[in-house]
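Since the structure comes first, as structure tokens, the remarks are kept for the end.
Letters A, B, ... are given to chains in the order of the sequence lines, protein chains preceding strands, and every chain is numbered from 1.
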Number of protein chains: 2
Amino acid sequence: MQFSFRMPVAVQILLCVAKFDGVFKTTSTFLASSVNINPVIIRKTLGQLKSAGLVEVAAGVGGAKLTKQPCEITLQEIFNAVEDDEDLFHIQDNPNPNCPVGRNIQQVLGNKLSVIKNNMLDDFAKITLEDLLDDINKAEQSR
Amino acid sequence: MQFSFRMPVAVQILLCVAKFDGVFKTTSTFLASSVNINPVIIRKTLGQLKSAGLVEVAAGVGGAKLTKQPCEITLQEIFNAVEDDEDLFHIQDNPNPNCPVGRNIQQVLGNKLSVIKNNMLDDFAKITLEDLLDDINKAEQSR
DNA sequence: ACTCATTGTAATACCATAACTTACAATGAG
DNA sequence: CTCATTGTAAGTTATGGTATTACAATGAGT
């Protein structure tokens, strides 16, 4: 059981947009070759990031730009932009209402798990695009 | 994007086994009717829980029993018993090695995300079967 | 106004995996 | 020996992610 590619792809897109700002025009084809994924997926993801207000995309001429500084963009925003499910965990829909466990499991387990999901989102909020850029630059220096 | 049913199902199984201990024989058919799921799924899940040392299953005669007290069984153990993936997040497998972002993304983002996964597992470790049983009993009292 | 690379989006296909179902040999208490 | 039950295999169905093709809409540059 894993999360989909989506969030990591979105992160890589934003990192490229930030890193190549002013150097290359970051078109969907350009980004697709960094991620090694289909350009249509890039455009779809860029569309989600645009809806979330994280990037501007130049229709027609092409290329994307960040709307904020990398230090102002968190993993939480990126995650929320591309993952739309309200619930992280999937508790059975129709437990038996005649069973004391069945009729309470959604409420009881749901409470606990939603706390855990919120903790994860809080963790995401602590990581910015700038943190990741710094790590990449450090890795590049030591090559 | 959601986790599968597996962990919640396993939790409900264990809650039933604990709650009905000595009252009903908790066969796969009995458990299946509480969860409202196919008995084969129950048997498969019980098998995983048995491998993890959380339950004993009486082959032939039927029924399952906990091997520990509910206060000694954590959500983390249950999660690990039924979810076998090493990585929670799925970072693209073949990023472009000629791109400074592509050739570092796995390392850099992977580091951050593995910390977050471990935090989640720590959260799981803080919740015991007994906590959930208590919540269910409370909910039942106020009916 | 025209060109042309690019975006936005729809439609379709493909594939992996979860969940369902049927079936049946093996088990073990009574 | 019987019989309800477990363990497990095999096949089916459903869902969702990813890939791919196609094309109208966009808009800077000429």
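As rounded to whole Å, 12 Å separates atom C1' of C:dA16 from atom CZ of A:Phe5. Distance CD (A:Glu56) to C1' (D:dT26): 16 Å, rounded to an integer number of Å. In this structure, the NZ atom of A:Lys25 is 11 Å from the C1' atom of D:dG29, given to the nearest Å. In this structure, B:Phe89 places its CZ atom 15 Å from P of D:dG17, rounding to the nearest Å. Computed from coordinates, the A:Ile37 CD1 to C:dC14 P distance equals 19 Å when rounded to whole Å. One interatomic measurement links the two molecules: CG of A:Asn36 to P of D:dT20, which rounds to 10 Å at whole-angstrom precision. A:Gln48 places its CD atom 11 Å from the P atom of D:dT18, with the value rounded to the nearest Å. In this structure, A:Ile42 places its CD1 atom 21 Å from P of C:dA5, rounding to the nearest Å.
The side-chain heavy atoms of B:Leu121 and B:Asn80, taken from C-beta on, include a pair separated by under 4.5 Å. Side-chain atoms of B:Leu75 and B:Ile78, non-hydrogen and from C-beta on, do get closer than 4.5 Å to each other. Between A:Glu130 and A:Asp134, the closest side-chain pair of non-hydrogen atoms falls below 4.5 Å.
B:Ile37 and B:Phe24 fall within the same hydrophobic cluster, defined by Ile, Leu, Val, Met, Phe, Trp and Tyr side-chain heavy atoms under 4.5 Å apart, directly or through other members.
Looking at A:Asn104, A:Val101, A:Ile91 one by one, the single match for side chain to side chain contact (heavy atoms under 4.5 Å, CB included) with B:Gln12 turns out to be A:Val101.
Applying the 4.0 Å criterion to OP1 and OP2 of C:dT21, one finds that B:Asn38 has a side-chain N or O inside that range.
Heavy atoms only, all atoms of each residue included: B:Gln76 and B:Ala125 are closest at OE1-CB, 3.5 Å.
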Begin from the C-alpha positions of A:Asp123 and B:Asn119 and carry the test side chain to side chain donor-acceptor pair (under 3.5 Å) through to its verdict. CA-CA 9 Å; A:Asp123 280 348; B:Asn119 287 346; 2.8 Å; yes
Could you walk me through whether B:Leu129 and B:Gln69 satisfy the side-chain contact (heavy atoms from CB on, under 4.5 Å) test, starting with their C-alpha distance in whole Å, then the side-chain angles of each, then the deciding distance to 0.1 Å, before giving a yes or no? CA-CA 9 Å; B:Leu129 208 56; B:Gln69 294 300 310; over 6 Å; no
What string of B, S and - do you get for nucleotides 6-12 of chain D, 5' to 3', when a contact is any protein heavy atom under 4.0 Å? BBBB---
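Below 30°, between 30° and 60°, or above 60°: for A:Phe5 and B:His90 the angle between ring planes is below 30°, a parallel geometry.
Secondary structure note: stems in DNA chain C built from 3 or more consecutive Watson-Crick or G-U wobble pairs under 3.5 Å occupy C:1-30 with D:1-30.
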